[in-house]
Amino acid sequence: MFSSTRCAFLSNSGLGGCSSLCDAQRKRSTRFRVVSMTPSSSRSGDRNGSVVMETPLKELKKESTVADVDNNPISAGGPQDVYGEDRATEDHFVTPWSVSVASGYTLLRDPHFNKGLAFTENERDAHYLRGLLPPSVIPQETQVKKMIQHVRQYQVPLQKYMAMMDLQERNERLFYKLLIDHVEELLPVVYTPTVGEACQKYGSIFMRPQGLYISLKEKGKIREVLRNWPEKNIQVIVVTDGERILGLGDLGCQGMGIPVGKLSLYTALGGVRPSACLPITIDVGTNNEKLLNDELYIGLKQRRATGQEYAELMHEFMTAVKQTYGEKVLIQFEDFANHNAFDLLEKYRSTHLVFNDDIQGTASVVLAGLVAALKLVGGNLADHRFLFLGAGEAGTGIAELIALETSKQTNAPLEEVRKNIWLVDSKGLIVSSRKDSLQHFKKPWAHEHEPVRNLVDAVNKIKPTVLIGTSGQGRTFTKEVIEAMASINERPIILSLSNPTSQSECTAEEAYKWSQGRAIFASGSPFPPVEYEGKVFVPGQANNAYIFPGFGLGLIMSGTIRVHDDLLLAACKYS
């Protein structure tokens, strides 16, 4: 009646080394106190409950080593071995402190430990599963084949997304095994672009709650809400307030799909344990009229809180997270509106381990892509001129990181380097004459130049070698814009980064055809290969998914407590 713990959540799956206790192993185990968790009203002999096993604390304090169930000594003291690297090659049966163990029907309803028909004959006996499963034993590799066929039968991407989310809620191990084995095919399903549509329709497809919802109703008791989450050893939190979901605008509480999707990639691509990940949505209302009038909307039906009320709620949240999970918990901000994103990052970057994926993550992956593109076009960053369509979080974040790296390479002052980087917002080219009316994060990019209203004129006057789209506005890189870039450059670099696909500034096909096949192109959401004049062009993808899982894992494993710009620059070089 023993179940292995989350010390190896992919046990018996080919991805971990954990297995069940057999009789002989139980005999060799250290002594445990077994406490029945079955309600007192349950009938005698009912084994479909849970038990808690604890090693007596006095035994743990006696010596400087802790004996595991195989009597292998483990050194005590030093930093906590959160990932279990010190024992990564050993079998883990039961942790030497406290374990909650499910069995029988309860085990089959626990997505963290359920393996479905992959439970072996011995496991079915040990966990009281006889009769609760069909007699056939199907290994996980075969289950993966079955599930990928099941997902592929759907033609609508949203249906594939729902099938994957349903699997995650039933069999977490199989979900991640499937995602890891078919990551190229399933990444667009659990992440952008499909997750955007899922957020838009979250109210109608909502089945089970995922993550933690903190609303204005919980103001003053956020720490209590955090304690309601069953996992206590949290290492990564992805949080959103839903005000700027991808390029889709204010989706309020329905933005939860973004933290859930991001954290699934933390596990599949970064190797962070699912139990160490916590998706959170801060619900302060929504200004989306459609959602406010939708009877299926799952969030607060009120206008967004702003100003002091918003700031107080966020400060309470940040304080509660640090008090609950410690100094080293990584808090990743996602899809906050510009006016809050910059302020939150600036306010908490010196007191918390915070990372804004839209500002810093996008910048890192784009800079990495530019470094790679320079191998094709030649020169250094200082030799190129950059023009952005979009001057929000992503645009200014990318521009600043490009300037930092260029300054580092040339030893030139940052203010001087910035003059080679130009931004266009909804009112045209950002120039000095507009400085008084600009938001603070746009002011460093206001250079001396006559006003220019539209993008194609800006391209013809600035003559950039690199055109980067972060506007969230679809089809804004028109034929005239691409042709202008191609007339100025032999190999124009065109990055259409807005998500989802419907909001991309241009498609891969448009970029290649309008530039006569000379463009070096990458996009935020994936596009299929393009055939042009007998050649097949495979577009690149400059998506945060290629940076934040590894970057976050590095922050966790290194034990750092603050994110510095040098870390982002280093991540670009090794991406």
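Keep in mind the model is a prediction, meaning the values are calculated, not measured.
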Please check if any side-chain donor atom of [X] sits under 3.5 Å from a side-chain acceptor atom of [Y], or the reverse.
| X | Y | result |
| --- | --- | --- |
| T319 | E316 | no |
| Y266 | Q332 | yes |
| E505 | S496 | yes |
| E480 | T478 | yes |

ask   = Are the side chains of F333 and V239 in touch, meaning some heavy atoms are under 4.5 Å apart?
value =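 Yes, close enough: below the 4.5 Å cut-off.
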inquiry  = Quick one, N543 and V365 - any side-chain contact, counting heavy atoms below 4.5 Å?
reply    =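 When only atoms from C-beta onward are counted, V365 and N543 do not touch, as no gap falls below 4.5 Å.
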If you count every heavy atom of other residues, nucleotides or ligands that lies below 6.0 Å from [X] atom [atom1], does the total exceed 12?
| X | atom1 | result |
| --- | --- | --- |
| N228 | CG | yes |
| Q210 | CD | yes |
| K443 | NZ | yes |
| K328 | NZ | no |
| Q308 | CD | no |

request  = Apply the test side-chain contact (heavy atoms from CB on, under 4.5 Å) to residues L246 and V195: give CA-CA distance (whole Å), side-chain angles for both, the deciding distance (0.1 Å), then the verdict.
outcome  = CA-CA 9 Å; L246 300 175; V195 71; 4.3 Å; yes
F441 and F342 aromatic ring geometry - parallel, tilted or perpendicular at 30°/60° bounds =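 Rings of F342 and F441: parallel, under 30°.
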request  = Evaluate the ring planes of W445 and H447, with Trp represented by its six-membered ring, and classify them as parallel (under 30°), tilted (30 to 60°) or perpendicular (over 60°).
outcome  =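 The rings of W445 and H447 stand perpendicular, inter-plane angle above 60°.
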query = If you measure from the Lys or Arg side-chain nitrogens to the Asp or Glu carboxylate oxygens, is any gap between K461 and D457 under 4.0 Å?
reply =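 Not counted as a salt bridge, because no side-chain N and carboxylate O are separated by less than 4.0 Å.
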Pair K219 + E309: basic N to acidic O under 4.0 Å =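 Answer for the salt bridge query: no.
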